[in-house]
Each structure stands twice: as structure tokens, then as C-alpha cells.
Amino acid sequence: MDYSNQNNGLTMLAVLAHPDDETFGMGGTLALYARRGVSVHLICATRGEVGEVEPHFLEGYQSIGELREDELRCAAEKLGLEGVYFLDYRDSGMEGSPDNEHPEALAAAPIDEVAAKVTDYIRKLRPQVVLTFDPIGGYRHPDHVAIHEATVRAFDAAGDAQVYPGEYPPFQPDKLYYHTFPRGWLTWVVRLMPLIGKDPRHFGQNGDIDLLELVGENFPVHARIDYGEVVRVKEAATACHASQGSMATSSGLMRWAFRLASGKDSFTRAYPPPDGRLKERDLFTGVNASS
Ligand SMILES: [Zn+2]
């Protein structure tokens, strides 16, 4: 992975759901490629309107969405992203919450409508590599699942002028990856939690993430990106999302478990379909910049 010259013609597009997804999930990878001169862009489908925020963070802001957009712009600058684009849907909240039914909720929007918007950006930005969540959105957040499905459709459609016709000419990206949490690591987290009095079935700020169930869903890891050289950059971007706390927890043991996982991001390669076992170290392997 040596893209020493800037303007190398390489472009990456991450398609995610909320401000902070770009940092807490694949932030290290985005920062790494930005540093290597790749033009890195982010679509964020919502402004995270349903996120929980302590009142003092809202001083000077009209709404949670406005605050979180600001946090995202701060993080994007730290990560070195070239562009951030909102699809202007509303955060749907976790599964079963009344926010799921809000008329502007991402999870309530027709998938084709969302996919057409993502397709437009793919044709406009012409990324060789597209990144999104895995099929269960990491931990079954309805917005993560919705944007995953829309992105898969958009990836398939962007090269075909007949599908979701728009103002830009068709463009087919080379590769599609899903960010995923390695299950071996997750298994350890699940084992450690009871030792510190935490219930792995009720993880997360709102206790609505069942880690035990997630361990059973396995997505193959085809690419591991070592972003060690930009760990500090990811930390700086994490600090931008102050209203969302950090993804790690107050407990030292859990922080240790998260640190074990940090430094590397894992991806499932959806396209081209891998031929047997694959251990990529660079998401642009096999990509021709002029394509
Ligand atoms: Zn999210």
C-alpha cells in the first residue's frame, strides 16, 4: 500500500447511518487511506437525532441533530475526509422504539428511494471502493441495516444507466466491503463482561444490544486493515463525538478489551465475491486507478 503521491486517482466512499459511525466503526481505516492520499468521502444518512445527549452538550444548539452534525464535521476534519453528505433522513432509534415509525425515519423509507440517492453519489464521486455495515448493521440497529441494504442495491445499480436514472453517467465501483467485528474478539468480550458484573445481553448505553446473540452471527473476514499509524487520529476524531461518550466503557477491563481490538479493522468482501479464503491487507488491492 504505497500511494505516496497525492492525487493518485483513488477514491473511497463510506455509506453509514449516524454521526459517530464513521469514527467508532471504521474510523482508523478512513483516516489511514485519507493520509495515503486517497480521496475519502462519507455519506451519512441521518443526523443521529435520537441519540441520547446530556443537556449541557446542547448549549448553543437548536437540536440534537444540529449538535451531532457539528460533531461529525469535526471528526471528518480530523480523519481527513474530503466530503460529507447527508441524506436527510431521521434517526430511527433502536428496534421497537416509536421513532421507527416516524415518517422521515430512515428505517421507514422505501429502500429504492434510499438506494437511488446513494447511486447518485456513487456516479458523482466515482469511488473504486465502497464501504458500509455488515448485513446486520454491526448490532442490528435498524438504520444500519437499512443503509446496508440500500448501499448493496446502489452498488449493483450504479453501473447500469437503466436503474435509478439520474443526472450522472453510470459508474461501476470495483469493490464493496462490509465492516464487521471479528467474532473471536467479541467472544472474549462476552466472556469478560460477567466478571465485571455486566450483562452481555444488555450492552450499550441503553442496554439494548444483545452481544451473546451477535456472537452467533458470523461474517467472514477477508481484509484486515492495520491502522496503527493513525491511532491518534482516530482518537482525535473520537473526542469530537463528546456527546456520545466513547464506545469503550468506564470499566478498565472493558477498555482493555476494546484496546485489544483497536489498531485493526476487519472487513467482509462482498464484491468481487472472494474465491476461497482471502487475507487482504489493502482494500485497493487489484484496483486500477484509471478505472
Ligand atoms: Zn450508528
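In this text, all values refer to a predicted model and were calculated from it rather than measured experimentally.
- Side chain to side chain, Glu69 and Tyr61 fail the donor-acceptor criterion of an N or O pair below 3.5 Å.
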Q) Given Phe267 and Met26, is the side chain to side chain contact (heavy atoms under 4.5 Å, CB included) satisfied, shown in steps? A) CA-CA 9 Å; Phe267 295 90; Met26 55 177 80; 4.2 Å; yes
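- Side-chain contact between Pro173 and Gln128 is absent, with no heavy-atom pair separated by less than 4.5 Å.
- Tyr168 has its side chain within reach of Asp120: a pair of non-hydrogen atoms, C-beta onward, lies under 4.5 Å apart.
- In this structure, Leu212 CG and His202 NE2 are separated by 10.5 Å, a value rounded to the nearest 0.5 Å.
- Within the 3.5 Å criterion, the main-chain N or O of Gly263 finds a donor-acceptor partner in the side chain of Tyr227.
- Residues passing the salt bridge (Lys or Arg N to Asp or Glu O under 4.0 Å) test with Asp134, sequence neighbours excluded: none.
- A distance of 5.5 Å separates CG of Asp265 from NZ of Lys234, quoted to the nearest 0.5 Å.
- Note: Tyr177 and His222 fail the aromatic proximity criterion, with ring centroids not under 6.0 Å apart.
- Below 30°, between 30° and 60°, or above 60°: for His148 and Tyr178 the angle between ring planes is above 60°, a perpendicular geometry.
- One hydrophobic cluster holds both Tyr121 and Leu131 under the rule that ILVMFWY side chains link at heavy-atom gaps under 4.5 Å.
- Sparse packing is recorded around CD of Glu95, with 12 or fewer heavy atoms of other residues, nucleotides or ligands lying under 6.0 Å away.
- No more than 12 heavy atoms of other residues, nucleotides or ligands shown are found within 6.0 angstrom of NZ on Lys78.
- Taking Arg153 as the reference, Asp112 meet the salt bridge (Lys or Arg N to Asp or Glu O under 4.0 Å) condition, with sequence neighbours excluded.
- In this structure, Arg183 contributes its side chain and Gly216 its backbone to no donor-acceptor pair below 3.5 Å.
- In summary, the aromatic rings of Tyr139 and Phe203 are positioned with their centroids too far apart to meet the 6.0 Å limit.
- For Phe155 and Tyr271, the ring centers are positioned less than 6.0 Å apart.
- At a threshold of 4.5 Å between non-hydrogen side-chain atoms, the residues Leu192 and Leu195 count as touching.
- Going from atom CG of Asp174 over to atom OG1 of Thr285 covers 11.5 Å, rounded to the nearest 0.5 Å.
- The local environment of CD in Glu77 is sparse, with at most 12 non-hydrogen atoms from other residues, nucleotides or ligands closer than 6.0 Å.
- If you run salt bridge (Lys or Arg N to Asp or Glu O under 4.0 Å) between Arg47 and each of Asp91, Asp88, Asp143, only Asp88 comes through.
- Glu22 places a side-chain N or O within donor-acceptor distance of the main-chain N or O of Asp20, the cut-off being under 3.5 Å.
- Between Pro19 and Glu71, every side-chain heavy-atom pair lies at or beyond the 4.5 Å cut-off.
- A donor-acceptor pair is defined here as one N or O able to donate and one able to accept, closer than 3.5 Å; no such pair exists between the side chain of Thr46 and the backbone of Tyr89.
- For Tyr85, the OH atom counts as densely surrounded, since its 6.0 Å shell holds more than 12 non-hydrogen atoms of other residues, nucleotides or ligands.
- Neither Leu16 nor Val145 shares a network with the other; the hydrophobic side chains, linked directly or stepwise wherever heavy atoms of I, L, V, M, F, W or Y lie under 4.5 Å apart, form separate groups for each.
- Put simply, the side chain of His18 does not reach to within 4.5 Å of the side chain of His241, judged on heavy atoms.
- Aromatic ring pairs are classed by plane angle as parallel below 30°, tilted from 30° to 60° and perpendicular above 60°; the pair His141 and His144 is parallel.
- Side-chain contact between His41 and Ser39 is present, with heavy atoms from C-beta onward closer than 4.5 Å.
- Proximity of Phe171 to Lys124: side-chain heavy atoms (C-beta onward) are nowhere separated by under 4.5 Å.
- Tracing side-chain contacts under 4.5 Å through hydrophobic residues (I, L, V, M, F, W, Y), one reaches Val40 starting from Phe86; they form part of the same cluster.
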